[in-house]
Each structure stands twice: as structure tokens, then as C-alpha cells.
2 protein chains.
Amino acid sequence: MVQIPNTPTSADVARLAGVSRATVSYVLNNTSAVRISEPTRRRVHEAARELGYVPHAAARSLRAGHSRMVLMPAPAIPAGPLYSGFLNELQQALGRLDYTVVQYGTDGSRGDEAARAWAELRPVAVLVPGAELGPQGVQVLKRSGARAVVTLGPVRVDGAHALLTDHDAVGHCAGAHLHAVGRRRIGVVVPRDAGLEFYSRPRLAGVREALRGTDAVATELPLAYTEASAARLAAQWRESGLDAVFAYNDEYAMLLMRALQDEGLRVPEDVAVIGADDLMLGRLLRPRLSTVHIDLPSGRDLAELVDRAVRDPGGRPEVHIVLGASVVRREST
Amino acid sequence: MVQIPNTPTSADVARLAGVSRATVSYVLNNTSAVRISEPTRRRVHEAARELGYVPHAAARSLRAGHSRMVLMPAPAIPAGPLYSGFLNELQQALGRLDYTVVQYGTDGSRGDEAARAWAELRPVAVLVPGAELGPQGVQVLKRSGARAVVTLGPVRVDGAHALLTDHDAVGHCAGAHLHAVGRRRIGVVVPRDAGLEFYSRPRLAGVREALRGTDAVATELPLAYTEASAARLAAQWRESGLDAVFAYNDEYAMLLMRALQDEGLRVPEDVAVIGADDLMLGRLLRPRLSTVHIDLPSGRDLAELVDRAVRDPGGRPEVHIVLGASVVRREST
DNA sequence: TTGAAAGCGTTACCAG
DNA sequence: CTGGTAACGCTTTCAA
């Protein structure tokens, strides 16, 4: 019985194959600069397989001085289907470009403090959704070797590439639509649930923007994602005099629409309701839910941006406005 | 102007503080075994701050011979709210135990092949949801230093701790309930969408199990998550003679229920419908959706299992049956 | 209290 | 074609 080392290193492989560590490295990375005889190659591969050798990424990247790890913070709030899908597409695309995507589990630290934790892994690129990263954090990351820092969110951060998710446009779309169909007293749902402010604030602002200079007016409507909260809101609806509502997204819209209907209000006759995200569920509601369809950037495009930025770290930060918004009118408005 | 090195190392900090690298290490990790004078400590901290020094995790774990990284493959299919929530809870809990959770972006490789990629990172523990890991993969991971491999899925894998998600029980619950309310010709939705077989198969089997020895019979109903597919299924409903359906989960249930209603079928009079996952949306449907409530293991418990396994790598693999299932009867059955 | 040096697993540069 | 050897950044004995 062969003595199997606890966790085999390239030295173990070399010993078993009867060659030097360098040769092992050459064979396993099939370095083109050096020619190794076929029998030797076979012996090395055989030995590696027999020992179950797996190279040590840390040692490799320490030696190389860089890695191909793209780090993203894992979403701290359960991601919706829209964003999950986007994330997957992105991972696939980066994988095809030979990057390794790693989502760093949020350990409670926030913003620039978290950036330090990320920097310890020396990722070649960092992709930060949301708005939890300041210019300080970007500097920390770049100092520690990140060749690209890309933010995906409502604000531009100094030193980083920015994919501006223009949530104002979402609100603007909704507001303009509701105004166009003759509504004048427009409620805007603002989720009480933490972590959504970065999206709900701009959406509210966008509605206000769309209504500026008209005789319509927007009213902020705090709402938690519970039936009780929706019922409370619906109970006060008649006295509020609102004739329309932009419900933040389709899920909140479903929640609120149900509460309004239970209260005896007719949709859209008494209240027009519009959501956002264009989820399947909106098509299944009755009346069918009008919504703001959101176009996220394609994962492939974003992967290419990352790759470009990594190849040319000196380049000026790119700023793209992503997230196209367009109204899908169904029956609820 | 001070010359700032490209990416500062502890040597740079030492130089700036006028001490040795060892001293820097002592101070920054405040090693209790060695006492460093207060002025020196201050100088070191100052220097580190000024340079924006961030330790190099790879170098550290290379030297230490181990890390505190818990690796999970990132879900390849968009995770539902149930699972996302569980994941977040788990990350928090592991974070509190001072582990760093990292989700490894699926790069297309599957199963034991993927295990090799994970092993390169030398995680101290690996947590694999689903069923994409064989005994081979477990061996690879353990050989390369993983002190705990935990699978969370329908099957037990040799050598790994197992959290058995008993999806049969979900189906069993649903089947027993439908039988109890007098239904005899029971359809079971099996999503056509890839990646769900590992859940849908056992659920179907569970229904069959519940119906064994009765005069009721289960029929498999392939369904894609599109309105067209649901409409097709609904159009054939009357001739199928089915009087109940377990719709895989609440979302498929919503899709199918809508199609059935559009076809003029009454729920629950003509067809009883039950979903699973107990999502909010079920409560908002009319009739309110009956569902199978699923209790996932608490993130904290799972984190403790991981920690226990890491501390005692020799211990016998634990096998837990998690995922409690219970019927929540509402109006659709 | 501080410093010098060894070593973790890899790869790249030169000699053989 | 192959094999020493040095170096990546860090921690930790051991000596001063």
C-alpha cells in the first residue's frame, strides 16, 4: 500500500513520477515553451491522477502575482428572479472568458469596511451591485491589485466603472403612463423593508419628475410586505382620494391590488395599479397587471466590460446608463 | 510626496514604521504571546493605515496551512425566495462563527469535475446543495484539505455529512391531503424546466407513495413555466378526468390555476389545486391557495453542524432529515 | 521587546 | 529536454 500524503503537493507528484517539481509544473500546465517527452508526460499525469493532486490556487496566485477571480458581494436581501437571472447569465459569460466568479458572503460589515475584506482575496476585478461602496473602498481595492472595480447601481463612484441603473427612469415611466391615462392623484409605494431604499427612492423621485409641471401630484405610500400592512393602506384609500398607484414592483403590486380589491375598490376604474419588473405573475393576475418592463444589461456585455477593464486598467472609467424602462400596459391601468 | 508601492506588503509597512516584518505581524494580529511596546504598536498601525495595507489572504492561508473559507456552489438556477432566505441566514450564522462564506460561480463544469475546481481554493468546508456531487468529488475535496463536506439534497453521498431534504415527504403530504379531501384522480406537475428534476421526481414519488393501496391514482403532468404550456394543459383537462393537482410549487400552481380558471373550470369544485413553499403569493390568490409549507433547516443549526464537523473532521458523517413538510389548507382544496 | 530566518506550494529563470 | 533555485507575502519559531 502506497503512503498517501495528507494533501498531495506537486512535490509528491514529482517524487512518485520520478521527476523534478519543475517538470510536473510544465506538464500539468502544458507550458509550450518547454518540450517534455511523451513518456514523462504520461508518468506525471498518471502520478497526479493516482494521488488525486489538485493545484493550490493560493500558492499559484501568490507566485503569479495575480488571479482571475472576479468578486461580487452576495446579495444581502433575497434577490428577485430578475436579478438572479441576470447574475447567472453574468457568471456564465465571465466563466467563458476564463474568470472565476466568487460571491463573497456578506458578513455584516458594510461599505468600505467590507471592501477591505474583499481586498484580502486580491480579486482581479470587483463587481458591486447596490450602493454600498464609497470612493475609499474603491481606492482600497485598487491599491490591493484589483484591476477593475465596477459598480452596478444608482450612483457613480469615483474611480470605478459605473453601470448606472437608472431607477428614476422606471419611476418616470410609471408616472408618465399614469398621467397619460388621466390619473392625477398618484400614490407611490415605498417598501418599508430595509435594503430597498436605493431602488425605491429614485423610483419615487422619477415619478415626481414625470409629474412636474402638471396638475398631478405624487404621494409617498410606505408599505411593508405583509397582508396586514397592505390592508391598512387599503382601508385608508378612499379618504386619501388617490386614483392610481405605482406599487414599486409587481410583487408589491399584487399585494396591494389584492388588498384594494378586498376593500371593494375596482381596478382600474377606481384605482389604476402599475407594477415593475414584468414578472410572470403580473400576467396571471386579473385584471392583468400593467408593469414597467426593465431591461437589465446583458450578462455578456457586462462580462466584456469587465474583461476590457482588466486588460486596460489605466483606461478612463466607463459610465454606462443601463436598465431600459418601458411600460407594458395591460388591464390594471 | 511619499513613494507608494503598487500594492503594499507587510514589508512596506515594516519599512515605513522602522521595524521588522515580524513586529508588523505581531501588532496587526495582536498576538498575545508577544508584548510590543505601545509606541511601536502605534507606529505600525499608523504606517499600515497610511499605506492602505491589506493583508494577503492567499499568503496567509498558505503559511497557516488552512483557511476559514466555507465554499458553496452558486445556484445554477435562479433561487426562489425560500432558498434565498435560507442562504442568507446561513451566511450570517457562519459569519458569526468567523467563517467566510464564498459562493463559487458555476462555470459550466458539473459534479466531480466541479469539485476539483472548488478544491483548488482549499476551503475548510464545502456545502453542496442539490445532487451534483458524487463520492469521488467528496474524496477529492477531503484529500485537498476540506475538513467537512456537507450535502443538502435528496441523496446521501458517501463520506459526506448529509442534510437529507426529504422531498418525498412534500409530495406525500400533498397526496395524502388530496386523498383525504376526497380526490381520486390526481395530477402531479413535473416542471419541464431543467435543473428541477432533483426536486420534482421525489415529489412525484411521494404522491405515489401516499396513494399506494388506495383507489386513487397519480398522473404525471409535464409543464413548462409559460402561459402557453399551462393553457395547453388546461385545454386537455376535462378529457383527462383529473379532479385534483399537486402543482409542484406555488408559482406553478398560480400559473396552472389561472389557466384552469380561464378554461372555465372551478377551483376547488372541479379541480383541487395545491402548491408548495407557502409563498406570500398563495395567500393573495382567489381562491386562496392551499400549499405544503416547507421548513428548511435553520441557518444557525446548519452553521453549527459545519462548525462541529470542522472541529472534529474524523467524526462519523452525520445524517439529518431536514425539511419538515406540512399542509396549509386554504381554499383551493 | 525586537529581528533574522525558515517554510507554506507554485512557477520561472538559468544551468546542466 | 530536465533539474536546481529563487521568489511571491505571510507567520512563527528561535536567538539576540
Between A64(B) and V34(B), name the one whose nearest nucleotide on DNA chain C is closer to the 5' end.
V34(B)
Does the side chain of T31(B) get closer than 4.0 angstrom to OP1 or OP2 of dT11(D) through an N or O atom?
no
For A76(A) against T106(A), the heavy-atom pair lying closest together:
CB-OG1, 4.4 Å
Under 4.0 Å, counting only non-hydrogen atoms across every strand here, what does V19(B) touch: a base, just sugar-phosphate, or nothing?
sugar-phosphate
With a 3.5 Å cut-off and just heavy-atom distances, do the side chain of Y26(A) and the base of dT10(C) make a donor-acceptor pair?
no
For the pair D307(A) and R311(A), find out whether any cationic side-chain nitrogen is under 4.0 Å from an anionic carboxylate oxygen.
yes
Along DNA chain D (nearest heavy atom to each residue), the more 5'-positioned of A59(A) and A22(A)
A22(A)
From the list dT11(D), dT11(C), dT2(D), which nucleotide is the closest neighbour of the side chain of S25(B)?
dT11(D)
In whole angstroms, how far is the P atom of dG9(D) from the CG atom of L51(B)?
14 Å
Distance check needed: dC10(D) P versus R15(B) CZ, whole Å only.
12 Å
Would you kindly give the CZ-to-C1' distance between R63(B) and dA7(D), to the nearest whole Å?
16 Å
Between dT11(D) atom C1' and L62(B) atom CG, what is the distance in whole Å?
11 Å
Heavy atoms only: give me the nearest A115(B)-L133(B) pair and the separation to one decimal.
CB-CD1, 3.9 Å
Distance check: side-chain N/O of R21(B) vs OP1/OP2 of dT11(D), anything under 4.0 Å?
no
Check V126(B), V149(B), V140(B) against W118(B) for a side chain to side chain contact (heavy atoms under 4.5 Å, CB included) and give me the one that passes.
V126(B)
Ignoring backbone atoms, test whether T9(A) places a side-chain nitrogen or oxygen under 4.0 Å from the OP1 or OP2 oxygen of dG9(C).
no
Rounded to the nearest angstrom, tell me the gap between atom CD in E120(B) and atom P in dG9(C).
15 Å
Tell me what T23(B) touches on the nucleic acid: a base, only sugar-phosphate, or nothing, going by heavy atoms under 4.0 Å.
sugar-phosphate
Report the distance from atom CZ of R122(A) to atom P of dT10(C), rounded to the nearest whole Å.
20 Å
To the nearest Å, how far apart are H66(B) NE2 and dG7(C) P?
19 Å
Within less than 4.0 Å of OP1 or OP2 of dT10(C), is there a side-chain N or O belonging to S10(A)?
yes
Taking every heavy atom of R68(A) against every heavy atom of Y99(A), the minimum-distance pair comes out as NH2-CZ, 3.2 Å
Using whole Å, what does the distance between atom C1' of nucleotide dG7(C) and atom NE2 of H56(A) come to?
13 Å
Looking at R35(B), does any N or O in its side chain come under 4.0 Å of the phosphate oxygens OP1/OP2 on dT1(C)?
no
Under 4.0 Å between any heavy atoms, over every strand shown, what does T40(B) touch: base, sugar-phosphate, or nothing? Just pick one.
sugar-phosphate
